[in-house]
Each structure stands twice: as C-alpha cells, then as structure tokens.
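Everything on this sheet refers to the single structure shown next.
Below, chains carry the letters A, B, ... as their sequence lines are ordered, and counting in each starts from 1.
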Amino acid sequence: MTKQVQQLDRVIIRFAGDSGDGMQLTGDRFTQETASFGNDLSTLPNYPAEIRAPAGTLPGVSSFQLHFADHDILTPGDAPNVLVAMNPAALKANLPDLPRGADLIINTDEFTKRNLAKVGYETNPLDDDALDAYQVHALKLTSLTVGALAGFEISKKDAERAKNMFALGLLSWLYHRPTEQTVAFLEQKFGKKPDIMKANIAAFQAGWSYGETTEDFSVSYEIKPAKLSPGLYRNITGNIALAYGLVAAGTQSGLPIFLGSYPITPASDILHELSKHKRFGIKTFQAEDEIAAVGAALGASFGGSLGVTTTSGPGVALKSETIGLAVATELPLVVIDVQRAGPSTGLPTKTEQADLLMVMYGRNGESPVPIVAPQSPSDCFFAALEAARIAVKYRTPVIVLSDGYLANGSEPWRLPDIEDLPVIAPDFATAPADGTEFQPFKRDPETLARPWAIPGTPGLEHRIGGLEKADGSGNISYDSGNHDLMVRLRQAKVTGIANDIPPLHVDDPTGSARVLVLGWGGTYGSIAAAVRRVRKSGGEIAQAHLRHLNPFPANTAEVLRSYDKVIVPEINLGQLALLLRGKYLVDVISYNRVRGLPFKAEELADVIGDVIASV
Amino acid sequence: MSELPDVHGALALVPKDDAPQTAKDFKTDQEVRWCPGCGDYAVLAAVQGFLPELGLRRENIVFVSGIGCSSRFPYYMNTYGFHSIHGRAPAIATGLAAARPDLSVWVISGDGDSLSIGGNHLIHALRRNINLKILMFNNRIYGLTKGQYSPTSEIGKITKSTPMGSLDAPFNPISLAIGAEGSFVARTLDSDRKHLQSVLRAAAQHKGTALVEIYQNCNIFNDGAFEPLKDPAVRDDITLRLEHGQPIVFGASGEKALIRSASGAFEVVRTADVDSASIVVHDTANPDPSQAFALSRLDSPSFEHTPIGIFRNVDRPSYDEQLRDQVGEAIEKQGPGDLASLLASGDSWRID
Ligand code: SF4
C-alpha cells in the first residue's frame with residue numbers, strides 16, 4: 001500500500017501518560033529528532049511535583065508538548081493538533097485542550113475498567129460518542145510492543161516499559177523524523193544493559209514499521225525545515241543555557257566560577273550541569289541549606305571568584321539577608337531565581353512570574369539590586385552573562401529572574417560567536433601608587449563601584465561587613481549624615497546602570513500603533529505570537545519587552561508615554577504594572593493569569609484586540 | 001604540651017613573610033569597643049601575640065565573623081576581615097577557603113552565633129572538614145543584645161528573657177563538635193594566655209576544620225561564669241589538662257586520676273589507689289572518637305572535673321583539598337575547557 005504524504009507548515013503534538021510512562025524522555029527524543037531535521041520548535045514539559053504520583057491517576061499525568069514548523073515560531077503552541085494518550089488519565093486530563101478534529105492516538109490496553117474508574121469515567125469513552133469530534137487512532141500499544149519484543153530475553157515488565165519507544169517510532173514515521181540519533185541515544189543510555197537496549201531499539205523500530213503497514217494511518221506528514229539564518233545550531237533548554245552562560249561568564253572574565261547551591265525544583269539542573277564542567281575551573285558546592293549556599297558564594301566572591309547561587313523563590317526568601325550583606329559590602333554576586341508558582345511551596349513544577357517584587361524589595365533597608373530577566377530558553381545564556389557583567393563591573397549582587405517555563409522549555413539556538421561575547425574585566429584593586437592609605441569604599445567616579453580588593457593583595461588589608469561604613473575609608477560609621485549619603489550612593493550606583501544597558505526597543509512596523517503591549521521575562525514568546533496574530537488580522541500594535549527590571553532602560557518613560565494605552569500581561573497579579581505606575585505615573589492595563597502555565601497566544605491576541613478596539 | 005601528632009598541610013599553600021613580625025603588626029587603628037574587663041581583650045591579645053610565630057603574610061590571613069560581641073574581632077586585626085551576618089560566618093568562610101587554598105581562614109564566633117542561629121553551618125563545616133579555624137567564644141550568655149540566656153547557659157538561668165529561669169538543656173560544644181565528626185576539637189580559657197596560644201598553634205597547623213571553644217568571661221552579663229577554673233585556690237583541683245600521650249592525672253599534686261570502670265565509663269580515682277598502668281592515656285589521634293566524647297562528658301555545672309586542651313586531633317582529607325583535586329583531575333583528563341566546543345556539544349547541526 002502506498003501511503004499519501006501531506007505537507008504541513010506546522011504541528012503541535014502532546015505526549016501524555018502516567019509519570020512512569022517516560023513521556024518526558026519520549027518528548028525529548030522527538031524534539032532532538034525534530035531539531036536536527038531543521039524545523040523551528042518550542043517545547044513545554046508539564047509534570048507533577050511527585051516523583052511517582054499514584055499510577056493511573058489524574059495528578060500523576062505527565063505531558064510534553066512540542067510545536068514545530070517550517071517557519072520561525074515563538075511558543076509551544078496553544079492547543080495540540082495531536083494528542084498521544086497512554087492511559088485514561090492522560091486522555092481525561094488533556095482532552096479539554098484539544099480542538100475539534102484533532103488526532104488522538106490512544107493506548108487502548110490501559111483502558112481497563114479499573115483504570116477508567118480511577119479517573120471517574122463511568123463508561124469507556126472509546127465505546128461511546130465522547131470522542132466523536134476527533135480523529136481517533138485506537139491502538140493496543142502495550143500489547144503491540146510486547147508482541148514485537150517476544151524474542152527478547154527480558155521480563156514482561158521491561159517489554160511493557162518500552163511502549164513509549166514504540167509510540168516514538170510511530171510518531172517518527174508519521175512525521176518523517178530522522179531516527180539515527182535516537183538509536184545512538186538508546187545505545188548510550190542502556191549501554192550497560194544490552195538486552196534492554198536492544199529491546200528499546202526494536203520497540204522503536206517496530207513502532208515505525210507499524211506506521212508503515214497499518215491501515216489505521218493512511219497519511220504521513222512532512223514539515224519542511226525552517227529557513228533559519230545560517231549558523232551552527234543546537235536545541236537547548238533554559239537551565240542548560242543558563243549554566244552555559246555562567247561558564248561563559250568565567251571564560252569571559254577570567255574569574256573562577258564558584259557555585260553555591262542547594263537542590264530545589266526547578267533550578268537543580270543548573271547545579272547538575274555546572275558540576276560537569278570542572279575542567280573550566282568551576283567549583284560547585286552543594287551546601288547544607290539555601291543560606292549557606294549563598295553565603296559560600298559570597299565568601300568566594302570576597303576571595304576573588306565570581307560567586308553564584310541558583311535557586312527558586314523559596315530559596316531566595318532564605319537568602320535575602322545574605323543578598324543584603326552583598327549589597328552592603330558591595331561585592332559581585334549572581335543570584336539565579338528560577339521562579340515557580342507560589343506562595344510557599346506552591347506548585348514546584350509550574351511556572352510563574354510572581355517573584356519580581358520580592359527580588360526588587362524583599363530585603364531590609366534600602367537595598368537596591370539589579371534584575372535581569374531572560375525572554376526565551378536560549379536567552380538564558382545571555383542573561384546570565386549580562387548579570388555577571390553588571391555584578392563584576394558594579395560590585396553588586398544581581399538577580400536573574402528565569403522561570404519554570406524557560407528552564408525546562410527548549411528551542412533551537414544559533415550558537416553565538418565567542419568573539420562577539422562581552423569581555424568582563426575584574427579590575428582587582430592594587431596598592432595605591434602614591435603610597436596613600438587604601439580606601440576600600442572610594443568609588444569609581446563614573447560607575448560608583450568600589451574597588452574589589454582581594455585577600456592576598458599586599459597593602460590592601462581591610463575589613464568589610466554589614467555595619468554601615470564611612471564613605472571612602474569603609475570604617476564603621478554611625479554618623480547619620482554618612483548613612484544618608486551611603487544609602488543614596490548605593491542607590492545611585494544601581495540607578496546609573498541604566499546608562500550602561502540598551503534602550504527599550506519597540507517593535508512597531510507601521511509606526512502608527514496607539515497601543516503598546518509591554519512584557520518582561522518568559523512571556524516574550526506568547527506575547528510576540530499574539531502580536532503576530534493581531535497584525536495578521538489588520539490590527540496595529542506595538543510591542544516592547546523588558547530585559548532589565550532594575551534599573552529600567554533609560555527611555556522607558558518616553559516609550560510608555562508614546563502610546564494611548566499600554567497593556568502589561570504578567571503571570572502574577574500585576575507586579576510590573578505596580579512598578580510602572582509607581583515610577584512613571586502611567587496607568588497601564590494589567591492582564592493577569594496565574595495558572596502555572598504560559599499564556600496562550602490566542603487569549604493575549606483577544607485582549608490586545610479588545611484594547612485596540614477601545615482607543 | 002607534649003609533641004603533637006604529625007598533622008600536616010593546613011598552611012602548606014599559604015605564602016610566608018620574609019620579614020619578622022610582631023604582635024603590633026596585627027593591630028589596627030580602630031578603637032576596640034568591648035566593655036572594659038571583657039575576656040575578649042585577652043583573646044585578641046593572645047591571637048595578635050601568636051600569629052607572628054606562624055610567619056604567614058598578613059595579606060593571606062582572613063578573619064571572618066558573624067554577629068555578637070566577639071564578632072567585632074576582625075576590625076581589630078590588621079589582616080583581611082569580613083564581619084558578616086548572624087550565624088553565617090562558617091558558610092561564608094567555607095566559600096572563601098574552598099576558593100582560596102593560599103589563605104589562612106579564621107572564623108570568630110560566639111555561643112549564640114554558632115550554636116543557636118548558626119548551628120547548621122557549624123555542624124556541616126565540621127563534618128565537611130574544610131580548612132577553617134573556628135574560635136568559639138563561649139560566655140554562656142547573649143552580650144550584644146544585653147543579657148538573654150544562650151544555648152550554653154545552664155538550666156534555670158535567670159535572665160531578662162527567662163525571669164523564672166531558663167528551661168532548655170544546654171549544648172556541650174565539645175560533645176557537639178565531636179558528634180558532628182570534628183577532626184580537631186579543643187577547649188581553652190581566655191585568661192590562660194599560654195594555654196590559649198598553644199591550642200591556637202595546634203589549630204592553625206591542623207588540616208581541615210578546627211573548633212576551639214574558648215571559655216570567655218562576660219563581666220557585664222555573666223560575670224564569673226568560669227570562675228572556679230580561674231581561681232588559684234581551686235583551679236588545679238578541678239582542671240584536667242589534656243596532653244596527648246600522657247596519662248590523665250590532675251589535682252594540685254597529681255593526686256587524682258582517670259580510669260575506666262568495669263562498666264566502661266570514666267571514673268575519677270585517687271592516683272595512689274590505682275596501678276599507674278590503669279590510668280587512661282590521652283590519645284588525640286585516636287580515630288575512634290568515643291574516648292574524646294567520654295572526656296567531654298566529664299563536664300558538670302559545678303566544674304568538678306573539667307577537661308581543657310585538645311580533645312581530638314585526627315588527620316582526614318579536607319573538603320577544599322579534595323574539591324581542588326577534582327578540578328585538577330577534570331582538567332588533566334579532559335583538558336582545559338573550551339567554550340565554543342562546550343556550546344556545540346551534544347546534537348548540533350549547521351544551516352548554510
Ligand atoms: S557584653 Fe559581655 S561579652 Fe560583650 S563586650 Fe561586654 S563584657 Fe564582653
């Protein structure tokens with residue numbers, strides 16, 4: 001039977017199953033195949049906080065969504081065109097997101113009475129009209145896999161576990177994905193268990209062959225590679241990009257990187273990744289707690305390393321006193337906050353942007369700290385490097401606000417030329433040439449940064465600490481006028497960074513938009529996708545995105561005042577909006593959803609459309 | 001003090017000063033602001049007096065402190081110094097020591113700073129055995145906040161926050177440090193400069209974390225807390241001066257001795273009544289910490305028999321040295337890192 005091949009410009013697939021079904025791995029592999037094929041892509045993993053929630057239940061569902069296309073795309077997509085549901089829970093949890101007409105690939109082996117009852121299906125949705133609106137492909141995925149592995153010396157359980165590879169093989173056939181890398185991957189992953197390795201490869205190939213031969217799939221699809229600009233590409237998640245950005249901060253500054261960290265979702269992968277790169281002279285220290293993690297990083301910075309700490313919101317709360325000490329002692333320090341849904345433990349694996357005001361103001365006293373927020377997974381690389389640049393140049397702690405969506409989401413990344421990366425000069429202090437006494441708090445007149453005088457430098461022995469210091473000499477000072485001066489100097493130093501960062505760029509192709517949509521951090525993709533939709537349907541909308549949250553770019557006031565209306569979408573209850581209103585007296589329109597998930601482009605497009613209609 | 005076991009390497013990488021030094025070289029121009037009569041003065045003078053012996057370059061010595069009266073110490077030392085935040089000095093010093101093997105790093109802390117708010121960092125520094133010398137000034141009271149009871153105050157202590165007497169049992173810092181896998185654990189007294197300096201000397205040479213508890217008098221809020229150990233009339237009767245390799249005898253003329261009873265517990269007996277072979281010989285280098293721990297349990301609120309000196313001094317690898325080794329090994333095996341090849345590692349593809 002020759003099968004028809006249909007061309008598509010883009011597809012959104014969601015793999016969904018039980019936490020134990022290996023859906024994240026399946027999604028990752030499909031992503032790698034897609035990346036190396038040359039499509040543009042964006043991914044959204046979504047999994048429970050529990051390592052193994054009770055099998056077959058709704059809270060135990062783990063999913064991985066992948067959007068890929070023959071053109072550049074910005075988000076993992078609003079709604080899947082294809083849902084792979086490995087059990088009734090996966091079907092029930094994900095069906096509401098599925099548009100009519102979507103393809104449903106279902107593992108019917110798991111649709112037993114017991115499993116159906118677990119998630120509250122009274123009747124089998126495969127037997128009634130519940131799925132009439134979809135193209136249903138009902139397959140006995142588990143039995144097909146076990147059948148295909150009949151000749152292998154493995155247990156039935158191991159054979160069943162390979163069903164995700166069968167599904168991956170089938171989907172790889174369906175979308176004409178290259179398979180060599182997945183085979184190589186399985187060879188490496190199960191290198192120590194040859195039987196399991198062979199079985200998984202066989203399951204993967206059986207899935208592919210099944211697609212070729214079964215009558216259930218009469219059409220397969222081609223999505224041409226995207227026309228991306230020339231260069232060397234790789235697929236990258238935000239956490240890995242952030243880790244690489246920190247490695248780059250080391251090579252670009254010549255400073256040893258010292259990471260003090262305590263495991264926390266969703267930031268731990270940065271610790272894992274950096275721990276692999278000791279050959280760069282990087283030291284990673286898993287501390288006894290969040291406070292020790294940042295303390296050790298600050299101690300290393302005092303000694304002339306670039307101290308870094310990685311965490312999520314609850315960890316930032318614990319570190320805040322030490323960040324205040326870094327403000328007072330004016331030492332470089334990079335604090336990475338991979339935001340997750342809060343308050344308290346909140347939803348550890350879900351994304352949110354609600355730590356902005358905490359990192360801005362959550363310390364005692366006047367304690368200004370620069371804040372940098374990446375806008376996409378690959379941008380985490382540049383954000384980390386920018387944070388390091390500011391930290392070293394201005395002798396200050398800097399906070400990077402990533403989030404769970406950026407951390408685990410991925411996209412193809414055109415690798416930068418190393419020559420184009422900024423060079424960071426540590427400029428350690430040396431003894432004053434004129435023989436005068438060293439002044440540890442004498443500032444650079446331009447940057448207002450103080451000298452970074454590291455132990456081991458003769459003639460610069462000095463003492464620093466959290467007590468207020470006299471301007472210049474750094475001796476303890478309880479003088480009221482001096483305190484007022486020091487508070488203002490520390491603020492002026494951070495405020496002045498506005499002159500050292502790019503102005504806020506506005507994308508307004510017609511130049512006549514009256515409404516601006518302004519976002520920050522991880523929402524860039526959703527907002528930009530929404531803006532495209534609005535423009536496609538004839539709407540005029542300007543878009544700007546803040547990378548620097550403290551200080552804001554120098555032209556921010558001017559940009560805000562150039563539009564009749566400014567919409568600020570945030571995954572919080574309006575934290576940037578509060579800052580903008582307070583600082584610029586501009587009554588921005590806040591749009592907020594706090595669902596633990598990125599915005600959908602469609603909903604933002606509607607919001608923007610409504611505002612445009614109102615001006 | 002008898003000869004110490006060969007514990008090496010603590011200062012191997014710290015550069016030496018060619019010029020001779022004196023205590024004066026370690027003094028700063030800052031006015032010392034402890035209460036007149038405070039035990040901290042004596043410790044400061046002892047430290048300043050002993051450091052020239054090490055002959056280290058001043059710029060390679062760092063004092064890191066937390067918060068409390070004693071934590072002002074770094075301001076008075078003409079070295080590098082970091083007066084940090086409450087309880088966190090061991091954490092900050094850990095990063096510094098891990099990053100810089102060429103420094104001699106000292107932590108100055110008190111009983112509240114290191115046993116209450118900073119307890120977690122203290123125990124983890126001890127188990128990790130990072131190259132830090134922790135001087136814990138134990139005055140059994142909160143001085144800087146004006147006289148609340150501390151985690152080493154005796155039960156029933158009447159203070160501003162415990163007008164009817166404190167309820168919680170105190171920590172024994174020596175027992176705690178031994179329990180936390182401390183490799184060097186010692187106790188000394190603010191008023192006994194010779195003993196204090198001998199303990200500091202041994203601590204400085206120790207590779208890894210050294211914890212030195214210093215009984216320190218707070219003459220404002222807890223005056224006389226250690227008076228029996230200082231009173232010439234009784235001190236020799238009650239102080240067990242621990243010396244490595246020596247039988248444990250004490251009393252003005254050595255009339256008391258320590259033996260193991262049938263149950264295995266320590267027992268204080270009259271030296272004359274026992275065979276000298278049955279007297280416990282102090283062994284700081286014993287890998288098994290149980291004897292050192294048992295010695296620490298001789299303490300009592302009445303100071304009936306209080307050991308001072310080095311309880312434990314064993315050689316085990318330090319965290320910082322092993323961390324450096326891992327970095328060195330990675331560079332040796334894989335070559336120094338190259339950013340461009342790191343970025344392109346994994347599955348990459350080219351678009352022309
Ligand atoms: S309060 Fe006590 S410990 Fe503090 S400086 Fe005064 S005497 Fe010393």
Side-chain angles (χ1 to χ4, degrees), chain A residues 32 35-36 38 181 225 228-235 244 247-248 251 256 258 260 277-283 285 287-289 291-292 295-305 307 321-322 324-325 329 414-416 418 455-467 475-476, chain B residues 15 28 30 57-65 67 74-75 77-100 102-103 120-121 123-124 323-324 326-327 329-331 333-337 339-340 342-352:
Chain A
Q32 286 301 340
S36 65
Q181 282 180 359
L228 302 172
S229 37
L232 188 60
Y233 282 77
R234 66 172 290 159
N235 196 56
Y244 286 0
V247 175
T251 58
F258 183 96
H277 303 302
K278 295 193 168 63
R279 59 194 296 201
F280 285 87
I282 293 171
K283 290 182 173 140
F285 170 66
E288 59 270 25
D289 59 29
I291 300 173
L298 185 62
S301 282
F302 178 62
S305 294
E321 189 189 14
T322 308
L325 179 65
T329 53
R414 186 164 69 92
L415 301 181
I418 306 298
T457 319
L460 303 191
E461 293 84 358
H462 67 286
R463 277 63 56 191
I464 57 171
L467 284 170
N475 290 334
I476 300 174
Chain B
T28 63
Q30 300 295 296
R57 298 183 70 110
R58 264 193 307 123
E59 64 268 23
N60 289 81
I61 302 174
V62 185
F63 282 84
V64 182
S65 63
I67 293 290
Y75 290 113
M77 292 299 303
N78 194 6
T79 61
Y80 281 84
F82 199 154
H83 177 213
S84 74
I85 43 179
H86 208 11
R88 315 303 170 201
I92 290 167
T94 289
L96 182 62
R100 293 287 304 272
D102 60 329
L103 302 179
N120 201 31
H121 308 309
I123 57 174
H124 287 277
L323 183 64
R324 282 195 301 282
Q326 285 193 345
V327 170
E329 189 187 326
I331 293 172
K333 285 203 177 136
Q334 308 160 7
L339 183 61
L342 172 68
L343 298 188
S345 61
D347 299 334
S348 61
W349 67 96
R350 185 169 288 284
I351 293 180
D352 301 312

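Atoms NZ and NZ, on Lys278(A) and Lys333(B) in that order, are 12.0 Å from each other to the nearest 0.5 Å. Between atom OH of residue Tyr75(B) and atom CG of residue Asn475(A) there is a gap of 9.5 Å, rounded to the nearest 0.5 Å. To the nearest 0.5 Å, atoms CD1 (Ile67(B)) and CG (Leu467(A)) are separated by 6.0 Å. Summarising the geometry, atom CD belonging to Glu59(B) is positioned 5.5 Å from atom CD belonging to Glu461(A); distances are rounded to the nearest 0.5 Å.
Using a 4.5 Å cut-off between heavy atoms, Thr322(A) contacts chain B through both its backbone and its side chain. The parts of Leu228(A) that come within reach of chain B are both its backbone and its side chain, each placing non-hydrogen atoms under 4.5 angstrom from that chain. Heavy atoms closer than 4.5 Å to chain B are found in both the backbone and the side chain of Pro458(A). Heavy atoms closer than 4.5 Å to chain A are found in both the backbone and the side chain of Gln334(B). In this structure, chain A has heavy atoms under 4.5 Å from both the backbone and the side chain of Ile85(B). Only the side chain of Gln181(A) comes within less than 4.5 Å of a heavy atom of chain B; its backbone N, CA, C and O stay farther away. When heavy atoms are compared at a cutoff of 4.5 Å, Phe258(A) approaches chain B solely by way of its side chain, counted from C-beta outward. Heavy-atom distances place the side chain of Ile418(A), and not its backbone, under 4.5 Å from chain B. Both the backbone and the side chain of Thr457(A) come within contact range of chain B, each with at least one heavy atom under 4.5 Å from a heavy atom of that chain. Looking at Val327(B), both its backbone and its side chain come within 4.5 Å of chain A, counting heavy atoms on both sides. Contacts of Gln32(A) with chain B are made by side-chain atoms alone, with heavy-atom separations under 4.5 Å and no backbone atom involved. With a 4.5 angstrom heavy-atom cutoff, Ile464(A) touches chain B via backbone and side-chain atoms both. Neither the backbone nor the side chain of Ala93(B) comes within contact range of chain A, judged by heavy atoms closer than 4.5 Å. For chain B, the nearby part of Ile282(A) is the backbone; its heavy atoms alone come within less than 4.5 Å.
In this structure a side-chain-to-backbone donor-acceptor pair under 3.5 Å is present from Lys283(A) to Ala98(B). Of the possible donor and acceptor atoms, none in the side chain of Arg234(A) sits under 3.5 Å from a partner among the backbone N and O of Trp349(B).
Contacts classified as salt bridge (Lys or Arg N to Asp or Glu O under 4.0 Å) and involving residues 83-100 of chain B (residues at least two apart or in different chains) are given here: Arg100(B)-Asp102(B).
Contact count versus chain A (heavy atoms, under 4.5 Å) is highest, among Ala99(B), Ala89(B), Ala97(B), for Ala99(B). Looking only at heavy-atom pairs under 4.5 Å with chain A, the residue among Thr94(B), Thr79(B), Thr28(B) that has the most is Thr79(B). Ranking Gly456(A), Gly465(A), Ser229(A) against chain B, the residue ahead of the rest is Gly456(A), based on heavy-atom pairs under 4.5 Å. The most heavy-atom pairs under 4.5 Å with chain B, out of Gly295(A), Gly299(A), Pro455(A), Pro230(A), come from Pro455(A). Chain B forms more heavy-atom pairs under 4.5 Å with one residue of Gly231(A), Ala300(A), Ala292(A), Ser305(A) than with any other, namely Gly231(A). For the options Thr329(A), Leu415(A), Thr251(A), heavy-atom pairs under 4.5 Å to chain B are most numerous at Leu415(A). Chosen from His121(B), Glu329(B), Gln326(B), the residue pairing most often with chain A at heavy-atom distances under 4.5 Å is His121(B).
Among residues two or more places apart in sequence or in another chain, the ring-ring contact (aromatic ring centres under 6.0 Å, His included) test is passed with Tyr80(B) by His462(A).
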Inset, instruction - Apply side-chain contact (heavy atoms from CB on, under 4.5 Å) to Asn78(B) and Arg463(A), showing your working. - result: CA-CA 8 Å; Asn78(B) 194 6; Arg463(A) 277 63 56 191; 3.5 Å; yes
Inset, instruction - Could you give me the CA-CA distance, side-chain angles and deciding distance for Phe302(A) and Val64(B), then say whether side-chain contact (heavy atoms from CB on, under 4.5 Å) is met? - result: CA-CA 11 Å; Phe302(A) 178 62; Val64(B) 182; 5.7 Å; no
Inset, instruction - Decide yes or no on side-chain contact (heavy atoms from CB on, under 4.5 Å) for Tyr244(A) and Leu342(B), but give the supporting numbers first. - result: CA-CA 8 Å; Tyr244(A) 286 0; Leu342(B) 172 68; 3.8 Å; yes
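Nearest heavy-atom pair, Leu96(B) versus Gly303(A), reported as atom, atom and distance to 0.1 Å: CD1-CA, 3.4 Å.
Here the side chains of Leu325(A) and Ser84(B) are in contact, with some heavy-atom distance below 4.5 Å.
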